[in-house]
Engineer: 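My questions will all concern the structure given below.
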Amino acid sequence: NRPLKTLRSADDLLAAGLTSHACAADVASVGARYAIAVTPAVARLIDSSSELDPEDAVAVARFWEATGEPSRAMPLYRQALPWLEGSDDWSWSAPRHAALCKRAGERQEAVPLWEALWSAGHRPAGVELAKHREHHAREELHAEQQRDDAAGGEGPARPLRQPLVEEMRETSAIAGP
């Protein structure tokens, strides 16, 4: 669905799949005051379905994220992250993607990112892992240890629900090591 000509209206952008129906009215109002001109090369950057260079993909993902369309940003982050692993770009784009996954309810995708970030020394990822382990995975003891580690050994930021922690400890003692 790549345009072969310069796109000059909200209808052109909508037909090319570069904006949503929800945003078309906003684009049309901008077009009423200013000239719209999206060249085929720029359209390729905006089009989240095309394969982009990893650095371009995260730049466009940030654009979609900033314009309130995280569902268009997520596939771009997903596409770029494996290629960026180990680079500075990965260390700032992986937390952004993990946050989008968390907001979208896709924790199964966020958890491995938090684990990799935590292994690389990213403390906020450790906090996210602790919250996930306590509230979603129901791993209270692991959550407590994770929170202690993320806090730098200074203890948990807030106490865990004590009855559940004690129950987990008793169950662990009964089951044995």
Side-chain angles (χ1 to χ4, degrees), residues 1-31 34-133 135-137 146-147 149-152:
N1 206 15
R2 278 194 199 146
L4 300 175
K5 62 182 180 92
T6 299
L7 306 174
R8 299 195 178 273
S9 70
D11 288 337
D12 289 349
L13 292 171
L14 190 57
L18 300 180
T19 191
S20 65
H21 287 283
C23 295
D26 293 335
V27 174
S29 69
V30 169
Y34 303 101
I36 295 175
V38 178
T39 65
V42 172
R44 186 172 102 49
L45 287 175
I46 297 170
D47 181 6
S48 61
S49 68
S50 62
E51 289 291 319
L52 297 174
D53 176 85
E55 288 84 9
D56 290 343
V58 294
V60 175
R62 287 195 66 184
F63 166 79
W64 286 122
E65 188 180 349
T67 59
E69 295 200 45
S71 62
R72 294 185 85 168
M74 290 175 64
L76 292 164
Y77 279 126
R78 196 175 292 123
Q79 168 194 333
L81 285 174
W83 298 101
L84 297 174
E85 199 158 347
S87 73
D88 290 339
D89 287 337
W90 187 86
S91 64
W92 65 260
S93 57
R96 296 182 77 85
H97 183 56
L100 290 177
C101 291
K102 177 183 171 184
R103 280 186 229 129
E106 296 181 17
R107 290 181 174 277
Q108 72 281 0
E109 189 171 349
V111 170
L113 290 170
W114 290 329
E115 289 171 342
L117 287 160
W118 173 242
S119 294
H122 191 264
R123 278 192 157 171
V127 172
E128 289 299 332
L129 276 172
K131 290 190 289 187
H132 171 75
R133 287 181 171 142
H135 299 290
H136 298 280
Q146 182 77 49
R147 192 171 20 256
D149 292 346

Engineer: So do the side chains of P70 and R103 get within less than 4.5 Å of each other, counting heavy atoms only?
Structural biologist: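 The answer is no; the side chains never approach within 4.5 Å.
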Engineer: Quick check: closest heavy atoms across V38 and A43, and the distance to 0.1 Å?
Structural biologist: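 Reported closest heavy-atom pair: CG1-N, 3.8 Å.
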Engineer: Salt bridge check, K131 against E128: does any charged N sit closer than 4.0 Å to a carboxylate O?
Structural biologist: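 Yes.
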Engineer: Under a 4.5 Å cut-off applied to non-hydrogen side-chain atoms, are H97 and V58 in contact?
Structural biologist: no
Engineer: In Å, rounded to the nearest 0.5 Å, how long is the span from CG of L117 to CH2 of W90?
Structural biologist: 4.0 Å
Engineer: Might you point out which heavy atoms bring L100 and A73 nearest each other, and give the distance in Å?
Structural biologist: CD1-CB, 4.1 Å
Engineer: How long is the span from the OG atom in S119 to the CD atom in E115, to the nearest 0.5 Å?
Structural biologist: 7.5 Å
Engineer: Over all heavy atoms of both residues, which pair between L129 and W114 is shortest? Give the atoms and the distance, please.
Structural biologist: CG-CB, 3.7 Å
Engineer: Within this structure, what is the CE-CD distance for the pair M74 and E69, rounded to the nearest 0.5 Å?
Structural biologist: 13.5 Å
Engineer: Locate the shortest heavy-atom distance separating A98 from A110; write the atom from each residue and the value.
Structural biologist: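 Closest pair (atom of A98, atom of A110, distance): O-CB, 3.7 Å.
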Engineer: Looking at every non-hydrogen atom in both residues, tell me the closest pair between S93 and L81 and how far apart they are.
Structural biologist: OG-CD2, 3.3 Å
Engineer: Once rounded to the nearest 0.5 Å, what's the spacing between atom CZ of R78 and atom CG of L113?
Structural biologist: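 With rounding to 0.5 Å, CZ (R78) is 10.0 Å from CG (L113).
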Engineer: How far apart are the closest heavy atoms of G31 and I36, and which atoms are they?
Structural biologist: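 Heavy atoms only, the tightest pair is CA-CD1, 3.6 Å.
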Engineer: Could you tell me the separation between the CZ atom of R72 and the CG atom of L18, rounded to the nearest 0.5 Å?
Structural biologist: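 It comes to 6.5 Å.
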Engineer: Output the distance between atom CG (L84) and atom CD (E55), rounded to the nearest 0.5 Å.
Structural biologist: 5.5 Å
